[in-house]
Amino acid sequence: MAEEYNPHEIEAAAQRAWAAADCFSAEGDAAADTTLADDAFYCLSMFPYPSGQLHMGHVRCYTLGDVIGRFQRLKGKRVLQPMGWDAFGLPAENAAIKNGIPPARWTRDNIAYMREQMQRLGFAFDWSREFATCDPEYYRWEQWFFIKLYEKGLVYRKSSMVNWDPVDQTVLANEQVVDGKGWRSGATVERRELPQYFLKITEYADELLSALEDLDGWPESVKSMQRNWIGRSEGVEIDFAVAGVPADQSLLTVYTTRPDTLLGATYVAIAPEHPLGGLAAASDASLAEFIEDCKKVKAAEADLATMEKLGRDTGLKAVHPLTGRELPVWVANFVLMEYGSGAVMSVPAHDQRDWEFAQKYGLSIEQVVEPEPTAYDDPPRCDLTQAAYTAYGRLVNSGEFDGLDFTAAFDAIAAALEEKSAGRRTVNFRLRDWGVSRQRYWGCPIPMVHCDRCGVVPEREDRLPVLLPTDVTFEWVQSPLVNDAEFLNCTCPVCGGPARRETDTFDTFMESSWYYARFASPNSDDAMLDERAKYWTPVDHYVGGIEHAILHLLYARFYHKLLRDEGLVDSDEPFEQLLMLGMVLKDGKKMSKSAGDAGNPQKLLEKYGADAVRTAMMFAAPPEQSFEWSEAGVEGQSRFLKRLAQQVEQFRSNGTEAALDVAALSKAGKALRRVAHDALKRAEDDYGRRVQFNTVVSRVHELSNAIKDFQPEVDADRAAAQEALTFALMILSPIAPHVTQHLWEQLGHHELLATARWPAVDEQALVLDTVELVVQVNGKVRGRIEVAPDVQADAAQQAALSDPNVVRFTEGKTVRKTILVPGKLLNLVVG
RNA sequence: GCCUGGGUGGCGAAAUUGGUAGACGCGCCAGACUCAAACUCUGGUGGGGUAAAACCCGUGCCGGUUCGACUCCGGCCCCAGGUACCA
């Protein structure tokens with residue numbers, strides 16, 4: 001029998017051939033000729049955090065990206081497909097604390113191992129552009145850009161909440177707080193305010209929202225998530241005067257999207273950190289204790305939104321701006337100081353949360369909206385003893401505003417407030433400015449300097465980068481920068497006097513927000529980006545996990561606009577088409593969180609080779625779907641690749657190449673040709689338009705099965721088999737590039753398959769003489785008929801009525817309606 | 001809690017625009033090869049029903065629209081992702 005399918009030899013040989021031909025280096029950007037941009041294709045998969053080893057989630061993501069890139073190359077595009085490392089982050093510090101290995105070394109070691117795994121998988125990356133975000137050559141430009149933004153007024157400093165571990169005396173990430181306790185110390189975590197740097201992403205809120213409309217290549221679900229996250233709303237800011245407090249604190253401003261319910265406000269709630277709360281607590285020990293207790297909650301929205309709603313009366317009174325009535329001011333643990341003004345008006349009759357709070361504390365519930373009169377039998381419920389009535393309706397108990405509907409009431413009440421200078425219409429966003437400070441070591445140093453004389457000032461451009469020392473030891477959970485005199489001490493960039501460096505580092509989303517542009521402009525020493533970035537960006541196809549649907553993608557979109565406004569790129573959006581991958585799960589959880597060694601593809605690669613792993617992964621599920629990974633499928637795909645190799649070998653052993661003469665083909669030859677061209681056509685559609693690759697693998701299985709069952713009848717049929725095999729290899733090549741390259745050579749092709757051209761479909765080969773129509777009677781399948789493809793309803797009905805089983809169900813009844821779906825089905829409606 | 005997805009045989013899935021539910025693969029069963037096993041090959045494989053057919057049921061649950069619903073609409077249940085310091 002034929003030679004054995006030996007993936008290790010075959011794969012090594014194919015990779016040597018690609019390297020020798022240097023066929024994955026992106027060409028043509030040096031010219032930066034935008035007229036050539038049409039055949040340029042930037043294919044990018046989200047770069048990984050170098051956590052130690054690849055897991056199957058990585059294998060899925062990079063195989064999918066590779067399939068897209070390889071397909072585009074077959075279609076004649078010049079493809080840029082780079083790879084690098086999102087190298088800063090928390091796990092490196094955890095490893096350092098645990099094992100005493102410096103984060104830089106740990107990270108570099110991981111990169112080396114994971115790079116080797118990627119190379120083994122045969123991804124068509126342009127490795128000449130590789131970088132890690134912890135390279136000073138990379139992060140220096142991030143520092144440079146931050147200073148540019150600072151100069152433009154897009155950076156500011158303010159206090160904001162962090163999780164504070166009182167035992168370890170350190171700031172914890174949300175992930176490091178488990179059930180309200182520090183994961184290492186076990187101490188109850190407290191919210192604490194720290195001064196931090198913020199980027200004014202809210203200045204771009206309007207554009208980030210409106211530009212979503214034009215992102216036709218993005219999934220609707222992701223756009224919807226971003227829309228909701230940005231959360232544009234139209235409402236009214238309302239001022240409540242507070243009596244008996246210092247003048248500068250006497251105005252309590254709240255924002256509401258429901259000014260129509262203003263007359264139903266029965267109390268005002270403020271955040272625990274609100275200054276008025278502190279004021280009242282000064283003479284109220286139990287209130288002070290309550291406020292202190294409120295801080296013992298993790299600063300994560302999910303926790304705040306699900307905790308028990310608690311509150312205390314401050315004793316203060318807020319004056320209703322329209323009625324003059326005095327409303328009690330309560331401290332409530334669910335009001336966030338960071339969102340809006342840290343105060344809300346409460347209308348228990350028409351807001352469910354306020355209703356529950358009012359029920360709990362015996363606060364007044366006063367209806368001011370009632371359901372619109374309706375023609376329906378079942379009018380909307382409005383029983384305020386059971387729940388709040390939150391729908392829009394008509395105003396009652398609102399004096400001059402009675403009878404107005406939502407829109408009219410909104411306008412009238414807003415106007416009344418504006419007249420009294422006690423309120424104003426505003427557009428509000430849920431989106432908050434981006435806090436970029438992290439109290440961590442392993443990140444990009446924030447290039448700011450603290451000077452006793454000049455205050456907080458940016459470092460001078462010519463002294464960048466502010467280098468992160470890499471030779472450090474973690475003697476303590478705290479960042480080593482805090483006690484590193486050599487790092488800490490510097491001279492003030494303004495006055496030249498002694499000064500201290502900022503010890504916070506950037507949020508790692510800062511690095512991942514512009515790496516795609518840097519890939520297009522690698523080794524640019526004297527600028528953050530050069531003209532090549534304009535040439536390659538925006539990314540044509542961006543591939544990554546659904547877990548990045550909001551934060552990473554929103555920050556990257558924001559950054560792209562910042563780069564644009566700095567003149568560094570010339571497009572408005574960074575990613576034209578977006579493929580959001582579902583999770584690869586292990587025990588029901590995402591791989592990166594739970595897999596460990598169980599997710600490492602290494603053993604599978606050693607046993608079955610890269611092609612079988614890649615094919616099994618692509619075959620397992622459509623890209624956007626999450627699924628539980630199982631190794632069981634790899635064996636099956638390995639078997640399939642072996643069979644395909646045998647089919648090529650068998651074909652070869654039967655003679656030489658044959659020239660195709662369509663007219664000379666037998667019926668079987670034509671049938672095989674139809675299957676081959678149909679597979680080619682559908683594969684092209686699946687690759688290019690549908691971006692669904694599991695069905696491509698199925699299609700090649702079917703084609704291979706058809707080749708197996710094919711019985712040549714005439715000499716000319718050999719050419720049909722050859723064409724079918726050629727197509728099978730072409731179609732499968734983006735998914736299993738090594739073995740298809742090997743078999744491509746066996747079939748006598750001398751060019752590399754990776755850089756060959758995708759063949760054209762012969763539409764003539766697809767034409768059928770007859771088609772099978774399913775015959776339904778009242779929507780149930782009762783028979784099948786063989787008819788001409790263009791058969792008319794009358795003729796089809798006649799043919800159907802020659803089927804005895806169809807007759808059984810139509811006998812003695814009249815055919816009232818006939819529905820013909822050409823090529824598919826005929827439905828006879830009888831009665 | 002809120003936002004966004006998902007739920008189809010024993011398992012992964014397919015069904016592209018509302019038109020044959022289960023393509024393709026795994027597993028399993030039977031047979032061939034073998035001293036035997038593994039590999040490989042051939043056939044079968046949603047449930048009920050039948051000698052075999054016919055036929056009936058079936059895409060998380062309840063209801064609706066339609067000649068026809070996995071697909072559209074309303075309500076619910078469960079699972080996953082995100083929730084601003086995991087990346």
Side-chain angles (χ1 to χ4, degrees), chain A residues 1 46 48-49 51 86 88-91 161-163 171-177 219-222 224-229 231 299-307 334 338 353 431-435 437-440 507-509 512 545-552 554-555 580 582-583 585 588-590 592-593 616 619-622 624-630 632-637 639-640 642-643 646 682 685-686 689-690 692 694-695 697-702 705 772-781 784 805 808 816-821 824-831:
Chain A
M1 191 58 204
M46 291 178 185
Y49 177 78
S51 53
D86 187 15
F88 281 134
L90 205 49
M161 293 294 175
V162 294
N163 300 309
V171 175
L172 296 180
N174 283 333
E175 191 184 50
Q176 298 172 311
V177 182
E220 206 46 59
S221 58
V222 174
S224 185
M225 280 188 251
Q226 294 218 346
R227 227 173 261 131
N228 293 329
W229 183 263
E301 200 204 79
D303 293 77
L304 294 168
T306 52
M307 70 189 174
F334 56 84
E338 316 213 294
R353 187 180 63 188
L431 181 69
R432 306 200 297 263
D433 277 334
W434 177 10
S437 300
R438 295 294 180 270
Q439 296 69 44
R440 301 209 206 297
D507 177 6
T508 56
F509 279 125
S512 55
I546 184 69
E547 71 271 26
H548 295 295
I550 297 179
L551 291 181
H552 162 61
L554 190 66
Y555 291 142
M580 287 273 87
M583 297 277 145
L585 305 174
K589 294 282 168 198
K590 67 186 207 187
S592 55
K593 289 291 163 211
F619 186 54
E624 300 194 318
Q625 187 170 313
S626 297
F627 72 100
E628 185 84 10
W629 170 250
S630 143
V634 181
E635 172 97 48
Q637 294 315 311
R639 213 147 49 198
F640 163 67
K642 200 178 298 179
R643 274 201 305 272
Q646 281 167 2
R682 293 166 76 164
D685 192 41
D686 281 352
R689 182 181 63 87
R690 295 219 298 161
Q692 179 173 290
N694 53 329
T695 45
V697 178
S698 297
R699 219 63 71 205
V700 181
H701 286 165
E702 284 171 342
N705 288 343
E772 188 184 72
L773 274 194
V774 162
V775 180
Q776 295 184 335
V777 179
N778 287 346
K780 284 185 186 285
V781 180
R784 283 148 214 281
N805 204 42
R808 274 183 55 203
R816 293 170 192 272
K817 198 171 168 188
T818 307
I819 293 126
L820 175 70
V821 183
K824 296 208 163 155
L825 118 178
L826 176 74
N827 188 14
L828 304 176
V829 184
V830 303

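The chains referred to below are lettered A, B, ... by the order of the sequence lines, with proteins before strands, and numbering in each begins at 1. Note that the structure is predicted; figures quoted are calculated from it, not measured.
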Problem - N/O donor-acceptor pair, side chain Ser698(A) with base rA23(B), under 3.5 angstrom - result: yes
Exercise for the section: Name the nucleic acid region contacted by Ser437(A), choosing base, sugar-phosphate or nothing; use a 4.0 angstrom heavy-atom cut-off, strictly under. Expected result: base
Problem - Candidate nucleotides rC26(B), rA84(B), rU4(B), ranked by approach to the side chain of Glu301(A) - the nearest - result: rA84(B)
Practice task
Tell me which nucleotide among rG25(B), rG81(B), rG5(B) gets nearest to the side chain of Lys590(A).
Solution key: rG81(B)
Completion exercise
With syn defined as a glycosidic angle within 90 degrees of 0 and anti as anything else, the base of rG27(B) is anti
Practice task
Tell me what Tyr49(A) touches on the nucleic acid: a base, only sugar-phosphate, or nothing, going by heavy atoms under 4.0 Å.
Solution key: sugar-phosphate
Exercise for the section: Could you check whether Thr306(A) gets within reach of a base, just the sugar-phosphate, or nothing at all, counting any heavy atom under 4.0 Å? Expected result: base
Handout entry: Gap in Å between the two P atoms, one belonging to rC70(B) and one to rG58(B), rounded
Key = 10 Å
Exercise for the section: Could you label the plane-to-plane angle of the Phe640(A) and His701(A) rings as parallel, tilted or perpendicular, counting under 30° as parallel and over 60° as perpendicular? Expected result: perpendicular
Problem - Sugar-phosphate, base or nothing in reach of Pro622(A), heavy atoms under 4.0 Å - result: sugar-phosphate
Exercise for the section: With heavy atoms under 4.0 Å as the rule, sort Val697(A) into base, sugar-phosphate or nothing. Expected result: nothing
Handout entry: Between C1' of rG25(B) and CZ of Arg643(A), the distance in whole Å
Key = 9 Å
Fill in the blank from the handout: Of rA87(B), rU16(B), rG25(B), the nucleotide closest to the side chain of Arg689(A) is rU16(B)
Problem - Along RNA chain B (nearest heavy atom to each residue), the more 5'-positioned of Met225(A) and Arg682(A) - result: Met225(A)
Exercise for the section: Would you tell me if any nitrogen or oxygen in the side chain of Asn174(A) comes within less than 4.0 Å of OP1 or OP2 on rA84(B)? Expected result: yes
Exercise for the section: Remember a base hit wins even if backbone is also touched, and classify Val162(A) as base, sugar-phosphate or nothing at under 4.0 Å, heavy atoms. Expected result: base
Problem - d(CG, Leu431(A); C1', rC2(B)) in whole Å - result: 16 Å
Practice task
Pick base, sugar-phosphate or nothing for Ala300(A), based on heavy-atom distances below 4.0 Å to the nucleic acid.
Solution key: sugar-phosphate
Problem - Selected nucleotide, minimal atom distance to Thr695(A) side chain, candidates rA84(B), rA14(B), rU83(B) - result: rA14(B)
Completion exercise
When rounded to whole Å, the CH2 to P distance for the pair Trp629(A) and rA13(B) reads 12 Å
Exercise for the section: Test for a donor-acceptor pair under 3.5 Å between the base of rG5(B) and the side chain of Glu624(A), counting only N and O atoms. Expected result: no
Problem - Residue Gln625(A), side-chain heavy atoms: nucleotide from rC41(B), rU16(B), rA13(B) that is nearest - result: rA13(B)
Practice task
For Leu551(A) and rG82(B), give me the distance from atom CG to atom P, rounded to whole Å.
Solution key: 10 Å
Exercise for the section: May I ask you to say what Ala620(A) touches in the nucleic acid, namely base, sugar-phosphate or nothing, with a heavy-atom cut-off under 4.0 Å? Expected result: sugar-phosphate
Practice task
Would you kindly give the CZ-to-C1' distance between Arg816(A) and rG68(B), to the nearest whole Å?
Solution key: 17 Å
Practice task
Give one of base, sugar-phosphate or nothing for Leu90(A), where a contact means two heavy atoms less than 4.0 Å apart.
Solution key: sugar-phosphate
Exercise for the section: Under 4.0 Å between any heavy atoms, over every strand shown, what does Asp686(A) touch: base, sugar-phosphate, or nothing? Just pick one. Expected result: nothing
Practice task
Measure from the side chain of Leu825(A), starting at C-beta and using heavy atoms only, and say which of rA13(B), rU20(B), rG12(B) lies closest.
Solution key: rU20(B)
Exercise for the section: Find out whether Asp303(A) and Val177(A) are in side-chain contact, i.e. whether some heavy atom of one side chain is under 4.5 Å from a heavy atom of the other. Expected result: no
Handout entry: Contact summary for Phe88(A) and Thr508(A), nearest pair of heavy atoms
Key = O-CG2, 3.3 Å
Handout entry: Under-4.0 Å side-chain N/O to phosphate OP1/OP2 contact, Asn705(A) with rG25(B)
Key = yes
Practice task
Identify whether any heavy atom of Gln637(A) sits under 4.0 Å from a base atom; if not, whether one sits that close to sugar-phosphate; answer base, sugar-phosphate or nothing.
Solution key: sugar-phosphate
Exercise for the section: Just call it for Arg353(A): base, sugar-phosphate, or nothing, with non-hydrogen atoms closer than 4.0 Å on any strand. Expected result: nothing
Exercise for the section: Determine whether any donor atom in the side chain of Asn827(A) lies under 3.5 Å from an acceptor atom in the base of rC67(B), or the reverse, and answer yes or no. Expected result: yes
Practice task
Name the nucleic acid region contacted by His548(A), choosing base, sugar-phosphate or nothing; use a 4.0 angstrom heavy-atom cut-off, strictly under.
Solution key: base
Problem - Sugar-phosphate, base or nothing in reach of Phe509(A), heavy atoms under 4.0 Å - result: base
Problem - Spacing of the P atoms in rA15(B) and rU83(B) (rounded, Å) - result: 31 Å
Exercise for the section: Give a yes or no on whether a donor-acceptor pair under 3.5 Å exists between the nucleobase atoms of rU20(B), that is its base, and the side chain of Arg784(A). Expected result: yes
Problem - Proximal nucleotide (of rA87(B), rC3(B), rA84(B)) relative to the Arg432(A) side chain - result: rA84(B)
Handout entry: Value in whole Å for how far the P atom of rA21(B) lies from CD of Gln776(A)
Key = 7 Å
Practice task
Would you kindly give the CG-to-C1' distance between Asn694(A) and rU16(B), to the nearest whole Å?
Solution key: 12 Å
Completion exercise
Correct closest heavy-atom pair for Gln439(A) and Val171(A) would be OE1-CG1, 3.5 Å
Problem - Interatomic distance at C1', rA21(B) relative to rC57(B), whole Å - result: 13 Å
Exercise for the section: To the nearest Å, give me how far apart CG (Asn778(A)) and P (rG19(B)) are. Expected result: 19 Å
Practice task
Return no unless some side-chain N or O of Lys780(A) is found under 4.0 Å from OP1 or OP2 of rC57(B).
Solution key: yes
Exercise for the section: Return yes if a side-chain donor-acceptor contact under 3.5 Å exists between Asp686(A) and Thr695(A), otherwise no. Expected result: yes
Handout entry: Least distance between heavy atoms, Ala549(A) atom then Val222(A) atom
Key = O-CG1, 3.7 Å
Practice task
Tell me which of Met161(A) and Ile550(A) sits closer to the 5' end of RNA chain B, going by the nucleotide each one is nearest to.
Solution key: Ile550(A)
